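Hydrogens, waters and symmetry mates play no part in the numbers below; they use all other heavy atoms, side chains included. In what follows, every chain begins at residue 1, and chains take the letters A, B, ... in the order their sequences are listed. Remember, it's a predicted structure, so these values are computed and weren't measured experimentally.
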There are 2 protein chains.
Amino acid sequence: MSGALSQEDKLDKRSPVPAYVQLAQILRQRISSEIYTSGNRLPSEAAIAGSFKVSGMTVRQALGVLVNEGLVERIQGRGTFVKRLDVATSCFGLDSFRSILTDRENVEVRILKATVEKARGKALEALGLTADDPVVVVERVILHRSQPLTLQVGFAVFDPESPVVENMLDTQVLTDLFFQENCGSFKKGELWLLPDSLDERQAALLGAEVGENAFRLEHIFYDFAGRPAAYGWFLLTPDKMQLSTRVGVWNE
Amino acid sequence: MSGALSQEDKLDKRSPVPAYVQLAQILRQRISSEIYTSGNRLPSEAAIAGSFKVSGMTVRQALGVLVNEGLVERIQGRGTFVKRLDVATSCFGLDSFRSILTDRENVEVRILKATVEKARGKALEALGLTADDPVVVVERVILHRSQPLTLQVGFAVFDPESPVVENMLDTQVLTDLFFQENCGSFKKGELWLLPDSLDERQAALLGAEVGENAFRLEHIFYDFAGRPAAYGWFLLTPDKMQLSTRVGVWNE
DNA sequence: AAGTGGTCTAGACCACCTA
DNA sequence: AGGTGGTCTAGACCACTTT
């Protein structure tokens, strides 16, 4: 067994796999097999560089990979340490939602409502408007393979000269936030995730049961002048958007 | 105005702020002010290095910062491009939950139940046991400033020699996953986030209303042999764990 | 004082893309 | 062929921590 180990403990410099990736992999395995143990120090950069006969920069790059994976922590003047599992540093991505939306030929958008109304409630506040300013309101159901995927409600400041209004009325725009194809008009955005449950109308539109638990994904986007320009939310049942994340050593 | 701009377009090499951070900031502002626009190419590494009189490595480091922020994308052979806003690349962290749990002097754990039972249902499946194998079941309420924060239910394989069982019965262990102080016994873990609503008992324990929407944070942890060792979940109302994230240019 | 990681230089060669 | 980013070297100096 130690033969197999020492074999993996050398870098193949002719390999197309970069040296720093190979090195990261070796160090990852040493963490996984408790050669380097939780809370303890790894050898110094110089020591690793010497033992693998690579430059300091290559070691640094390999350790950077492990830092990004949350496996180690580097402290100036002290060293590089194996991190303990830390649930709170993990984060939940929207990949499963995106993977459905990017399947474009099977996605269909059905407009339920597209009107100009007087602003009130949360949309008024989020968009920084004064009472009764006009806002564009759009409500859509997005379907995937003819099955309801999500109900989307959006509000935008009504400004006939703004491209945002055009975009709001376009069937594509909000899916484009995910398709990443037509969203140069926003500088930044903020998103919130909330637990919710479906009322009668929402359940009917999504083909789900009344009271069923769902995610509510709220969003607000700002234009390049820094003004809030679009506010709204998506309603999604959790089978349509699985949120999961991993911590610790998975890529051994 | 152009005077102010050109002033910021030089690096202060005597500053304690690293050159690559200053450079990233300048490039970020150029994206924010649409000097570099969505979808278009930035100057090449060599061009940036020349105009700021730094080495290629410093430019590379600065661009790496912007890549991590999701502002630009680098494509080998083509160049570095300003990314359009992309909701689906953002992710939700558990910082707000952690910030409460790490306020240790105000956190209190109240054990509701700690028994050994026969495995069944989801815990049996998650832990890879066969029917009626014994499992440790622990149920707790965690309070912050004497207010109920979360209800936690955990299952662990019953193995008298395993430190996990000891830990499960310890009032501290699962909060330690967050405190990051006593979790060297797990190699990896997986987490799921789900929308849920509180039943009568849960609502009473959490001082909330029956049917109120809540997050359910499920977790499973594996020991260094790769075996599932602990499964369970947290129930939390969204006021106790705000999940938000940002995309685009925020640090101008 | 010695050891650690953090920044930075000034090159080199390669893989990839576009023309 | 020429330009782009990706990897890598072999150093240098600095800031920080520990002894």
Side-chain angles (χ1 to χ4, degrees), chain A residues 9-28 30-31 36-83, chain B residues 9-28 30-31 36-83:
Chain A
D9 281 3
K10 300 212 180 297
L11 303 181
D12 177 4
K13 299 210 176 177
R14 297 158 313 176
S15 161
V17 178
Y20 79 91
V21 175
Q22 295 180 49
L23 181 51
Q25 177 60 7
I26 291 170
L27 299 175
R28 198 184 290 114
R30 289 185 181 179
I31 293 170
Y36 303 143
T37 58
S38 224
N40 291 320
R41 234 199 65 192
L42 266 64
S44 72
E45 280 184 21
I48 295 175
S51 68
F52 288 95
K53 302 192 196 328
V54 292
S55 80
M57 157 100 200
T58 302
V59 176
R60 181 157 272 288
Q61 226 174 332
L63 290 172
V65 170
L66 302 185
V67 169
N68 285 337
E69 291 175 3
L71 297 183
V72 305
E73 186 179 14
R74 315 197 71 192
I75 303 174
Q76 182 170 142
R78 303 225 293 130
T80 303
F81 298 83
V82 181
K83 271 183 73 170
Chain B
D9 280 3
K10 300 212 178 296
L11 303 180
D12 178 4
K13 300 210 175 180
R14 296 159 314 178
S15 160
V17 178
Y20 79 92
V21 174
Q22 295 181 48
L23 180 51
Q25 177 61 7
I26 291 170
L27 298 175
R28 196 185 290 113
R30 288 185 180 180
I31 293 169
Y36 303 144
T37 56
S38 224
N40 292 319
R41 235 200 63 191
L42 267 65
S44 72
E45 282 186 19
I48 295 174
S51 68
F52 287 96
K53 303 194 196 327
V54 292
S55 80
M57 156 104 197
T58 302
V59 176
R60 182 155 270 289
Q61 226 174 331
L63 290 172
V65 171
L66 302 186
V67 168
N68 284 337
E69 291 175 1
L71 298 183
V72 305
E73 185 179 14
R74 315 198 70 193
I75 304 175
Q76 181 170 142
R78 303 224 294 131
T80 302
F81 298 83
V82 181
K83 271 183 73 169

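Between B:Q22 atom CD and C:dG6 atom C1' there is a gap of 15 Å when expressed in whole angstrom units. Taking atom CG on A:L63 and atom C1' on C:dT4, their separation rounds to 12 Å, with Å as the unit. Separating the CZ atom of B:R14 from the C1' atom of D:dC13 is a distance of 18 Å, rounded to the nearest angstrom. As rounded to whole Å, 11 Å separates atom P of D:dT4 from atom CD1 of B:I48. Rounded to an integer number of Å, the gap from CZ of B:R74 to P of C:dC17 is 15 Å. As a whole-Å value, the separation of B:E45 CD from D:dG2 P is 20 Å. When the C1' atom of C:dT4 is taken as reference, atom CG of A:L42 falls 13 Å away, rounded to whole Å.
Between A:M57 and A:G79, the residue whose closest nucleotide on DNA chain C is further toward the 5' end is A:G79. Ranked by how close their nearest DNA chain D nucleotide is to the 5' end, A:R78 and A:K53 are led by A:K53.
With rounding to the nearest 0.5 angstrom, the CZ atom of B:R30 is 4.0 Å from the OH atom of B:Y36. Separating the CG atom in B:L63 from the CD1 atom in B:I48 is a distance of 5.0 Å, to the nearest 0.5 Å. The line from CE of B:M57 to CE of A:M57 is 4.5 Å long, rounded to the nearest 0.5 Å.
Neither OP1 nor OP2 of C:dA10 sits under 4.0 Å from any side-chain N or O of B:S55. Put simply, A:Y20 has no side-chain N or O that comes within less than 4.0 Å of OP1 or OP2 on D:dC8. For the OP1/OP2 pair of D:dT4 and a distance below 4.0 Å, the side-chain nitrogens and oxygens of B:T80 include no atom meeting the criterion. Listed pair B:K13 / D:dC13 fails the phosphate criterion, with no side-chain N or O lying under 4.0 Å from OP1 or OP2. The phosphate of D:dT7 has neither OP1 nor OP2 within less than 4.0 Å of any side-chain N or O from B:R60. Regarding contacts with the backbone of C:dC17, every side-chain N or O of B:Q76 stays at 4.0 angstrom or more from both OP1 and OP2.
Note on B:I75: only backbone sugar-phosphate atoms sit closer than 4.0 angstrom, heavy atoms only; bases stay farther off. Among the protein residues, A:A46 comes within range of no part of the nucleic acid, since none of its heavy atoms lies under 4.0 Å from any strand.
For the pair B:R74 and B:E45, the salt-bridge criterion is met [side-chain N within less than 4.0 Å of a carboxylate O].
For B:Q61, the side-chain atoms get nearest to C:dT7 when compared with the rest of C:dT4, C:dT7, D:dT4.
Among all heavy-atom pairs drawn from B:K83 and B:V72, the shortest one is CD-O, 3.8 Å.
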